[in-house]
Structure formats: C-alpha cells, structure tokens
Amino acid sequence: MDTPPPLQGHTLAGYLATQAKADASLRALVLALAATCGEISALVARGALGDVLGSAGAENVQGEVQKKLDVISNDMLVACAEQSGQVAAVGSEELEDVIVFPGGDRGRHLLLFDPLDGSSNIDVNVSIGTIFSVLPAPTGRAATAQDFLQGGRSQQAAGYTLYGPQTVLVLTLGEGVAGFTLDPRDGAWTLTHPDLRIPRDTREFAINMSNQRHWAAPVRRYIDDALAGRTGPRGKDFNMRWVAAMVADVHRILSRGGVFLYPWDQREPDRPGKLRLMYEANPLGWVVEQAGGAASDGRQPILDIAPTSLHQRVSVVLGSAEEVERVVAHHHEAAA
Ligand code: F6P
C-alpha cells in the first residue's frame, strides 16, 4: 500500500501552520474565509428549503441578473472580510465599487472575490463555487480602488470553494496547491488533496461549443483539430466537458487534466472575453500555474497582464500546459 503524503488528514489550521509564506495575518484571513464558505455551503445545500433560490430582482455591474444567493454570499463575504480585521478593502464581482473599511489602513490585505461563480447553475442544482484572491494592501494609508490593480503574480493567496457533491476548498499560497474537504457535520476542513498536480498532456477540452461560429481562427483551428480525433492532425480522440461553472471545470482539470477555454468572440469584438481578470482568471490562473499547468489569454500568461480596471474582462485558456502552449502557438502563427 502507498504511504500517504505526511500532511494528509491535517486540519486547515494545521496545514497553514506549515506554510512558510503565510504569516499570522494571512492565516487568520484564510481561516475566516474558509469558515464563511462553509456557511455558504450549508445555505447552498438547503436550496429551496432555505428560500435562497431564484432571482434577487436586480442586475449587477456586469449587467447580469443577480440571484438571491449571489447577493447573500456577497454580503457574507464582505462581513467576513470586515470582521476578520485583516482586510483593508474588498472588491467583488457583484459590486460596482470597492468597499474600504473604516480604519482599513490597518488591514494588511486587499480581498477580491466572485461570491458565487456559475450562477446559472444555482436553480438547477448543479455545481457552483466561490473564488477569492488576496493581494497586499498599501501600508500607512487607506486603500483606494487603484491599489487593487495589481498583476496576478502579486497575489498572496488564491483559491476557490466548490459546492458540488462534496464541498472542497482549493488553496494556493504560492507553494503548490492543496485541497480540503468540508465535513458538513461539524464545519471542519480536512486536507484531503495535499499536492494537486495537472498532467502536461490531456485528451479532454472544455469550451462552450455553441459559440463555435463566433470564435477567432486560432481557437477554431485548435478545436477542429481535436474534434478530428485519431485520424486528424492530433492523432488521438478527445472528450469534451462543460459544467458552465468555471470553478467546477477547473476542479476537474486539477483532478485529471484537461484544458478550459473561454475565448474572445466576434459577437462583442471590443470585449476581450467574458471572464473577469481580477475575480476569475487571476486567482484560478495562479492555482493552475501552481499545480504545474498554464494559463494564458492566448498570447501572454494571464498572470503577466497589467490590470487597468477592476471589472476588466479577459480571454482565458488554462489547464494542461501542452494544450495551452498549442493554443498560444496557433495565436502567434495567425498574428505572424
Ligand atoms: O462567471 C462566468 C461563468 O459563469 C463561468 O463560471 C462559466 O465558465 C461561464 O460563465 C459559463 O458561460 P456560458 O453560460 O456562456 O456557458
């Protein structure tokens, strides 16, 4: 029988204590976030019994209809950040502007989150998640919206909680990626996946195929080659999956490899993509890189993009490094 890696079975607090890159303030913040995500998980699981399904009757800054759970989980995370005492200011996919907490010049971190990713899955009982990204706050003065515009490589912690058949928390502090499973009986997080690694190679892609006719040529070429299967240029058959919640697709890729694409498309040519750089692409891109995969906008690593606005959108290709490199090569060839 294989010997389990030494940390397996640790509590989240026990794991954090072993992480050299996490100081006391970051550890406290991650624990607070995990506790709140545990509470969100309990609400998600109650569904109609908790009167949390359906629309909140408003639109968010992205022009999307907000679900009740979007609003509830957003408010819970804002409260969590403020009460933790570790956060100077928060930015949320659901809020137009950042919130700077009173006395926020004392918090060491800026927190960004997508409170409920994959909202269209909420009312149909399919997986959804929470994504978070922690950045350093300025010292000696109050934080401003401008302070959030830091590249993905400045992140101090990032990860997600996936509310699926099990609730899992996947976390990076810049030294690999660890996964924890929530015990709904007592709210405890146990380290169940000490070292998540993405294989370089895969035969599985995730993309919303209904947009095929709108894609740019390099993406069409990549998917056409995969669809051609064994007798095509790739010489192998591919499988396709699409959960329509990025956290769930990324979690599958962390578990068994694969590539995820949400590319630019010509319906809205001025919009770089659908997904948000600060709330989705940066945190998940860092998780994927830390697990040995790659994350790109088709031309450059996601984490090298210098953000220009809080709600900035971006084209995303991430997952098994060999496939991401192939998509990037197609883009470079098309531009040459
Ligand atoms: O936040 C955007 C999101 O819900 C992602 O989680 C998901 O990958 C994508 O949108 C699904 O988009 P579509 O509805 O176009 O398939």
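Whatever order the structure lists them in is the order used to number ligands and atoms, beginning at 1.
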Q.
Between Asp304 and Arg153, does any side-chain N to carboxylate O distance fall below 4.0 Å?
A. yes
N/O donor to acceptor pairs below 3.5 angstrom from side-chain atoms of residues 46-53, sequence neighbours left out:
{"from": "Arg46", "atom 1": "NH2", "to": "Leu49", "atom 2": "O", "distance (Å)": "3.2"}
{"from": "Asp51", "atom 1": "OD1", "to": "Lys68", "atom 2": "NZ", "distance (Å)": "3.2"}

In a table with atom names and distances, give each donor-acceptor pair under 3.5 Å that connects a side chain of residues 164-177 to protein atoms at least two apart or in another chain.
{"from": "Thr167", "atom 1": "OG1", "to": "Ser41", "atom 2": "OG", "distance (Å)": "2.7"}
{"from": "Thr172", "atom 1": "OG1", "to": "Gly174", "atom 2": "N", "distance (Å)": "3.0"}
{"from": "Thr172", "atom 1": "OG1", "to": "Gly176", "atom 2": "O", "distance (Å)": "2.8"}

**Q.** Every residue of the protein that comes under 4.0 Å of ligand 1, judged on heavy atoms
**A.** Asp117, Gly118, Asn208, Trp242, Ala244, Ala245, Met246, Phe260, Tyr262, Lys274, Leu275, Arg276, Glu280
Q) Is Glu268 paired with Arg313 through a side-chain N to carboxylate O contact shorter than 4.0 Å? A) no
Q.
Test question: given the 4.5 Å side-chain rule for I, L, V, M, F, W and Y, name all other residues clustered with Val124, or answer none.
A. Val126, Val243
Q. Does Leu29 belong to the same Ile/Leu/Val/Met/Phe/Trp/Tyr cluster as Trp286, with side-chain heavy atoms less than 4.5 Å apart forming each link?
A. no
